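Okay, so here's the structure we're looking at.
Just so we're on the same page: letters track the sequence lines, and every chain starts at 1. Reckoned from all heavy atoms, side chains included, excluding hydrogens, waters and symmetry mates. Model, not experiment: these values are computed from the prediction.
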Amino acid sequence: MTEIGKTVLDSGWLAARSTEVNDDGVKLTTTNPPTLGPQSRWMEAVVPGTVLGTLVKNKSIPDPFYGLENEAIIDIADSGRDYYTFWFYKTFQCKRLLNQYVHLNFRAINYSAEVYLNGHKTVLPKGMFRRHTLDVTDILHPEKNLLAVIVHPPDHPGTIPAEGGQGGDHEIGKDVAAQYVEGWDWICPIRDRNTGIWDEVSLTVTGPVRIIDPHLVSTFFDNYKRAYLHVTAELENKSSWNADCSVNIQVTAELEDGVCLV
Amino acid sequence: EHVHTENVIIPAKGHIQHTFNQLFFYKPELWWPNGMGKQNLYNILITVVVKEFGESDSWMQPFGFRKIESDIDSVTGGRLFKINGEPIFIRGGNWILSDGLLRLSKERYRTDIKFHADMNMNMIRCWGGGLAERPDFYHFCDIYGLLVWQEFWITGDVDGRGVPVSNPNGPLDHDLFMLCARDTVKLLRNHPSLALWVGGNEQVPPKDINEALQQDLRLHPYFITQFLS
């Protein structure tokens, strides 16, 4: 049985360059899941992380932070976006109970992606600084679940002029993404423009009602003697019947040495 | 006194926004920036229990009671900050990001941010050409008392300057920019260290984006009203 709560998916990931994988996401997550091996194009991946982070970990490229090694890595402007379009793959287990709901969360992906889970496809829209939450309750398998994500680089990766300069040719500014990746006075261009699942991936299991993005605000009066805590939260009822809920807020101050005051 | 329960009925497949009655605190331990006092944090735990099912979800956040104000000083043109009514001399550091290949880790964040506190700094400015920093970054700023000045993804070099002027109107998709900005605000807004959202680095975002950001980020009138004792 799966406890209510969050499980971070940050191990056991594989990756491969999209141009070297013949299967599509449906096959990868049903009949033809990837495996590691001497002949396989798949490698162990770093998630959260970027394509270059995975390639450095596998020593497929030198670490760009040493010497002039960055010059040895082909830039996306020369290789084309497909060269840095990568598959990331993982299996996981999640035995949910009746009236439990499961969401798959990506806290940030650069720059757009398609997610395949057990043969079901979902498109994740563009944008480096946005979260994605998928309700996967109905497509989970009781035993092993197969997850594949193909991640595409920013739409406008730009070209680095011979003379370099802050932000290269500024094309990256057309997207909603970090701009330093075309190079700046303090850093060389990042060859994959930081394409990848660069922040936390998690599974959250809840009951029929889930809490979304609470907002906490404090206000003060009488010279900070009188304070109010204002709490607003979105509540979503996933079930098909009215949910009669009691919502509790508990505020504890951690004193020294782990003693709590409620 | 700090456990509060409210009953809510949520329709089938419903999605509601619920504002609780405010919780009263008498002289709470305040959160202060590095060098001004302790970084007192309270754990706020929200749980929802569904009748005939049991606990359905829970959410926890370390929270600091603090009031941050800042205005442009008419004499110097500089921005003056006040924390809990006390003026503060800002000693800040520039922050681009933890690692160029986004190899981000809690250990690295803790080390870097504690280093800033040990250098007696009380603010970190997150540059607009880098990231909207991550919750782990803000968590350690909460713990070590580093106020955060967080810029959105506009820079003077890439947006609206140069010969010829590049990206005079910023990114191509303004709706996407605002969607990312709003989601980022929701991700980070509960951290006591978050002191200031800034449109960009050395550049004002395109007019429509700037106005939308100012509109969305103003202090909600609900929190300005003076409650009578």
Seminar exercise, completed: In terms of heavy-atom contacts, Ser166(B) and His170(A) come closest through OG-ND1, 2.7 Å
Seminar exercise, completed: One option among Arg134(B), Glu55(B), Gln17(B) has the most heavy-atom pairs under 4.5 Å with chain A, and it is Arg134(B)
Exercise. Is there a side-chain contact between Lys57(A) and Arg103(B) (heavy atoms, below 4.5 Å)?
Worked result: no
Problem set entry | Closest approach of Pro64(A) to Leu101(B) (non-hydrogen atoms, all atoms of both residues) | CG-CD1, 3.9 Å
Exercise. So, does Ser56(B) use its side chain to make a donor-acceptor pair with the main chain of Gly207(A) at under 3.5 Å?
Worked result: yes
Exercise. Side chain, backbone, both or neither: which part of Asp63(A) has a non-hydrogen atom closer than 4.5 Å to chain B?
Worked result: side chain
Seminar exercise, completed: So NE2 of His18(B) and CD of Glu234(A): to nearest 0.5 Å the spacing works out to 13.0 Å
Exercise. So, the side chain of Tyr180(A) versus the backbone of Gly100(B): is there a donor-acceptor pair under 3.5 Å, distance only?
Worked result: yes
Problem set entry | Steps toward side chain to side chain contact (heavy atoms under 4.5 Å, CB included) verdict (Asn248(A), Ile46(B)) | CA-CA 6 Å; Asn248(A) 313 295; Ile46(B) 301 175; over 6 Å; no
For this session: Supply the atom-to-atom distance Leu229(A) CG to Phe24(B) CZ, rounded to the nearest 0.5 angstrom.
Result: 12.5 Å
For this session: Give the member of Leu30(B), Leu104(B), Ile154(B), Asn40(B) that has the highest number of heavy-atom pairs under 4.5 Å with chain A.
Result: Leu30(B)
Problem set entry | Contact class of Leu235(A) relative to chain B, heavy atoms under 4.5 angstrom | both
For this session: Before giving the answer on side chain to side chain contact (heavy atoms under 4.5 Å, CB included), spell out for Trp184(A) and Asp157(B) the whole-Å C-alpha distance, their side-chain angles and the decisive distance to 0.1 Å.
Result: CA-CA 10 Å; Trp184(A) 221 270; Asp157(B) 298 87; 3.3 Å; yes
Exercise. Which one of Asp155(A), Val46(A), Val181(A), Val231(A) has the most heavy-atom pairs closer than 4.5 Å to chain B?
Worked result: Val231(A)
For this session: Please state whether the side chain, the backbone, both or neither of Phe53(B) comes within less than 4.5 Å of a heavy atom of chain A.
Result: side chain
Exercise. Looking at Asp222(A) and Lys27(B), does any basic side-chain N land under 4.0 Å from a carboxylate oxygen?
Worked result: no
Exercise. For Leu216(A), is it the side chain, the backbone, both, or neither that has a heavy atom closer than 4.5 Å to a heavy atom of chain B?
Worked result: both
Exercise. Phe65(B) ring centre to Arg226(A) NZ or CZ under 6.0 Å, with the angle to the axis within 45°?
Worked result: no
Problem set entry | Whether over 12 other heavy atoms sit under 6.0 Å from Leu68(A) CG | no
For this session: State, with a plain yes or no, whether a side-chain heavy atom of Tyr228(A) is found less than 4.5 Å away from one of Leu23(B).
Result: no
Problem set entry | For chain A, the option from Pro135(B), Gly162(B), Gly170(B) that forms the most heavy-atom pairs under 4.5 Å | Pro135(B)
Problem set entry | Contact summary for Gly85(B) and Tyr224(A), nearest pair of heavy atoms | N-OH, 2.9 Å
Exercise. Are any side-chain N or O atoms of Asn190(B) and backbone N or O atoms of Pro214(A), one a donor and one an acceptor, separated by less than 3.5 Å?
Worked result: yes
Exercise. Where does Lys6(A) contact chain B at under 4.5 Å (heavy atoms): side chain, backbone, both or neither?
Worked result: neither
Exercise. What residues of residues 238-245 of chain A sit under 4.5 Å from chain B when you count only heavy atoms?
Worked result: Lys238(A), Ser239(A), Ser240(A), Trp241(A), Asn242(A), Ala243(A), Asp244(A), Cys245(A)
Exercise. Who among Ile172(A), Asn223(A), Thr50(A), Val56(A) has the most heavy-atom pairs with chain B under 4.5 Å?
Worked result: Thr50(A)
For this session: Please say which of Lys174(A), Gln166(A), Glu171(A), Gln179(A) ends up in a side chain to side chain contact (heavy atoms under 4.5 Å, CB included) with Val158(B).
Result: Gln179(A)
Exercise. Measuring from Gln250(A):CD to Thr47(B):OG1, what's the distance to the nearest 0.5 Å?
Worked result: 7.5 Å
Problem set entry | Proximal component of Arg66(B), with respect to chain A [non-hydrogen, under 4.5 Å] | backbone
For this session: Return the option, out of Gly127(A), Gly167(A), Ala177(A), with the maximum number of heavy-atom pairs under 4.5 Å with chain B.
Result: Gly127(A)
Exercise. Under 3.5 Å, is there a donor-acceptor pair between the Ser246(A) and Asn7(B) side chains?
Worked result: no
Exercise. Taking all atoms of both residues into account, what is the closest heavy-atom pair of Ser218(A) and Gly64(B), and its distance?
Worked result: OG-O, 4.4 Å
Exercise. So which heavy atom on Asp173(B) is nearest to which on Val176(A), and how close?
Worked result: O-CG2, 4.3 Å
Problem set entry | Contacting region of Tyr101(A) [heavy-atom separation from chain B under 4.5 Å] | neither
Seminar exercise, completed: Nearest heavy-atom contact between Gly130(B) and Phe129(A) is O-CZ, 3.9 Å
Exercise. When heavy-atom pairs shorter than 4.5 Å are enumerated against chain A, which of Ile10(B), Thr5(B), Leu172(B) gives the highest number?
Worked result: Ile10(B)
Problem set entry | Which atoms of Leu55(A) approach chain B - backbone, side chain, both or neither, heavy atom under 4.5 Å | neither
Problem set entry | Residue part contacting chain A, namely of Leu179(B), when any heavy atom lies under 4.5 Å | side chain
Exercise. More than 12 non-hydrogen atoms from neighbouring residues, nucleotides or ligands closer than 6.0 Å to NZ on Lys82(B), yes or no?
Worked result: no
Exercise. Which one of Arg107(A), His132(A), Arg131(A), Arg130(A) satisfies the side-chain hydrogen bond (donor to acceptor under 3.5 Å, both in side chains) criterion with Asp183(B)?
Worked result: Arg131(A)
Seminar exercise, completed: Checked Asp175(A), Asp199(A), Asn237(A), Ile212(A) vs chain B; the most non-hydrogen pairs under 4.5 Å come from Asn237(A)
Exercise. Do Asp57(B) and Arg210(A) sit within salt-bridge range, that is, some charged N less than 4.0 Å from a carboxylate O?
Worked result: no
Seminar exercise, completed: Counting heavy-atom pairs under 4.5 Å with chain A, the top scorer among Thr184(B), Asp136(B), Leu131(B) is Leu131(B)
Exercise. Among Thr232(A), Ile249(A), Thr206(A), who wins on heavy-atom pairs under 4.5 Å with chain B?
Worked result: Ile249(A)
Problem set entry | Close side-chain approach of Lys225(A) to Tyr26(B), heavy-atom, < 4.5 Å | yes
For this session: May I ask you to name which of Asn169(B), Asp99(B), Asn21(B) has the most heavy-atom pairs under 4.5 Å with chain A?
Result: Asp99(B)
Problem set entry | Partner chain B: residue of Pro48(A), Ala178(A), Ala227(A) with the largest heavy-atom pair count (under 4.5 Å) | Ala227(A)
